[in-house]
Amino acid sequence: MAIFLTKESKVLVQGMTGAEGMKHTRRMLAAGTDVVGGVNPRKAGRTVDFDDRVVPVFGSVRDGMDATGADVTVVFVPPAFSKAAVMEAADAGIGLAVVITEGIPVHDSVAFHAYAERHGTRVIGPNCPGLITPGQANAGIIPADITKPGRVGLVSKSGTLTYQLMYELRDIGFSTCVGIGGDPVVGTTHIDCLAAFEADPDTELIVLIGEIGGDAEERAAAYVQESVSKPVVAYIAGFTAPEGRTMGHAGAIVSGSSGTAQAKKAALEAVGVRVGGTPTETAELVLERLAGPARPRNE
């Protein structure tokens with residue numbers, strides 16, 4: 001009942017000994033995540049005491065993987081060093097790298113995404129909240145106490161809206177929630193998550209959260225039409241954005257009608273996706289669909 005992250009995942013934290021890394025490692029552990037080590041070349045051989053769990057620090061991702069069998073890394077490394085951190089993880093052969101760091105130069109993101117893809121490492125982010133499989137594991141900064149395990153899969157560009165939909169649908173719960181990030185270049189896409197949720201037998205309905213700018217949601221709509229049989233409910237942030245003004249995430253670039261919330265809504269609705277006008281209305285559409293009889297998406 002999960003995609004990409006389960007209770008079996010063994011997690012390293014690159015940058016664990018920094019302030020943000022320490023804070024969120026503690027929260028990940030509290031959520032049940034098997035954090036098996038941190039990575040800091042200057043503090044290799046030390047340990048960090050997190051209440052009832054002592055976590056070792058390794059000098060490299062490869063050392064951490066060799067010692068623990070880790071298959072996930074969460075990156076809390078400053079922007080200037082994030083490219084090297086992701087490439088190091090890819091060189092080591094890690095399966096999943098979750099890049100929380102914001103402010104990474106776009107050319108660095110392009111470089112490490114291409115490098116990771118060549119090495120078979122899935123990247124989520126950058127500038128993202130990470131992902132959580134409620135009741136199993138949490139890799140990133142998503143609050144673990146605002147929802148429970150359930151049958152809805154969530155993929156979102158926006159961290160804040162990820163949290164809001166999780167809270168709005170807390171009585172239903174989620175299989176996995178994935179915050180893919182809102183930068184112009186991200187690793188895992190809406191389409192990647194749609195494919196994974198479609199293949200997950202315990203995900204009954206998919207929620208897709210997008211925002212103005214780019215064409216990711218339009219491409220997701222085309223994929224839904226071709227390859228997704230499960231019901232999809234969506235929300236697009238930015239319906240009230242003033243025309244001609246740069247808004248929100250760095251990826252929110254709108255040219256004419258292309259990339260507007262209305263254009264994205266139209267593309268999704270054309271393939272049978274119901275689109276809420278607000279996050280609360282989106283949650284209501286989810287509840288309505290789950291309460292009704294099972295039927296194909298386009299009915």
Side-chain angles (χ1 to χ4, degrees), residues 2-6 9-15 39 60-66 69-133 137 139-140 153 155-157 159 176-200 206 208 210 213-224 226-228 249-251 253:
I3 67 169
F4 306 150
L5 185 74
T6 73
S9 300
K10 295 183 181 298
V11 178
L12 292 173
V13 181
Q14 291 173 263
V39 178
S60 69
V61 174
R62 186 177 300 278
D63 288 347
M65 291 177 65
D66 289 345
D71 52 4
V72 177
T73 182
V74 184
V75 180
F76 286 100
V77 174
F81 307 105
S82 294
K83 173 183 171 182
V86 177
M87 288 182 166
E88 177 192 335
D91 274 333
I94 201 101
L96 175 65
V98 183
V99 187
I100 306 300
T101 309
E102 63 179 315
I104 297 174
V106 173
H107 58 80
D108 283 1
S109 293
V110 170
F112 72 64
H113 282 311
Y115 193 84
E117 184 175 7
R118 289 197 301 271
H119 286 74
T121 295
R122 173 180 296 280
V123 175
I124 295 178
N127 189 18
C128 77
L131 71 162
I132 182 171
T133 296
V155 53
S156 173
K157 275 186 177 180
T176 301
C177 303
V178 186
I180 60 175
D183 276 6
V185 177
V186 295
T188 297
T189 65
H190 285 119
I191 291 173
D192 295 327
C193 293
L194 287 168
F197 283 131
E198 173 72 9
D200 176 30
I206 305 165
L208 183 152
D215 66 348
E217 295 79 5
E218 289 89 344
R219 285 184 281 113
Y223 183 82
V224 167
E226 295 171 1
S227 303
V228 178
H249 286 164
I253 300 170

- Go through Val186 and Cys128 one step at a time and tell me if the side-chain contact (heavy atoms from CB on, under 4.5 Å) criterion holds. CA-CA 9 Å; Val186 295; Cys128 77; over 6 Å; no
- Step by step, work out the side-chain contact (heavy atoms from CB on, under 4.5 Å) result for Ile104 and Lys83. CA-CA 8 Å; Ile104 297 174; Lys83 173 183 171 182; 5.9 Å; no
- Item | Stepwise side-chain contact (heavy atoms from CB on, under 4.5 Å) test for Val99 and Val86 | CA-CA 8 Å; Val99 187; Val86 177; 3.7 Å; yes
- Query: Passes side-chain contact (heavy atoms from CB on, under 4.5 Å), His107 versus Val110? Steps please.
  - Reply: CA-CA 5 Å; His107 58 80; Val110 170; 5.5 Å; no
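For the pair Thr73 (side chain) and Ala97 (backbone), a donor-acceptor distance under 3.5 Å is absent.
Annotation: the span from Asp63 atom CG to Met65 atom CE amounts to 11.0 Å, rounded to 0.5 Å. The distance from the CD1 atom of Ile206 to the NE2 atom of His190 is 11.5 Å, given to the nearest 0.5 Å. Remark: Ser82 OG to Asp108 CG distance equals 8.0 Å, nearest 0.5 Å.
Within the 4.5 Å cutoff, the side chain of Val13 has no heavy atoms near those of the Val39 side chain. Counting heavy atoms from C-beta on, the side chains of Phe197 and Val228 never come closer than 4.5 Å. Counting only heavy atoms from C-beta outward, the side chains of Ile180 and Cys193 approach each other to under 4.5 Å. Side-chain contact between Ile132 and Thr176 is absent, with no heavy-atom pair separated by less than 4.5 Å. The closest side-chain heavy-atom distance from Val11 to Val74 is below 4.5 Å. Inter-residue side-chain proximity for Leu5 and Ile3 is flagged as unmet; no heavy-atom pair is nearer than 4.5 Å. Side-chain contact between Met87 and His119 is absent, with no heavy atoms from C-beta onward closer than 4.5 Å. The side-chain heavy atoms of Lys10 and Val72, taken from C-beta on, include no pair separated by under 4.5 Å.
Heavy-atom minimum distance, Glu217 versus Leu208: CG-CD2, 4.5 Å. When all heavy atoms of Gly187 and Asp192 are compared, the closest pair comes out as O-OD2, 3.9 Å. In this structure, Val77 and Thr101 approach most closely via the heavy-atom pair O-OG1, 2.6 Å. In this structure, Ile124 and Thr188 approach most closely via the heavy-atom pair CG1-OG1, 3.5 Å. Considering all non-hydrogen atoms of both residues, Pro184 and Val106 come closest at CG-CG2, 4.3 Å. When all heavy atoms of Phe4 and Ser9 are compared, the pair lying nearest together is O-OG, 4.4 Å.
The side-chain contact (heavy atoms from CB on, under 4.5 Å) test applied to Ser227 returns Tyr223, not counting sequence neighbours.
We find that Arg62 and Glu88 are not joined by a salt bridge, their nearest charged nitrogen and carboxylate oxygen being 4.0 Å or further apart.
Glu102 CD: 12 or fewer foreign heavy atoms inside a 6.0 Å radius.
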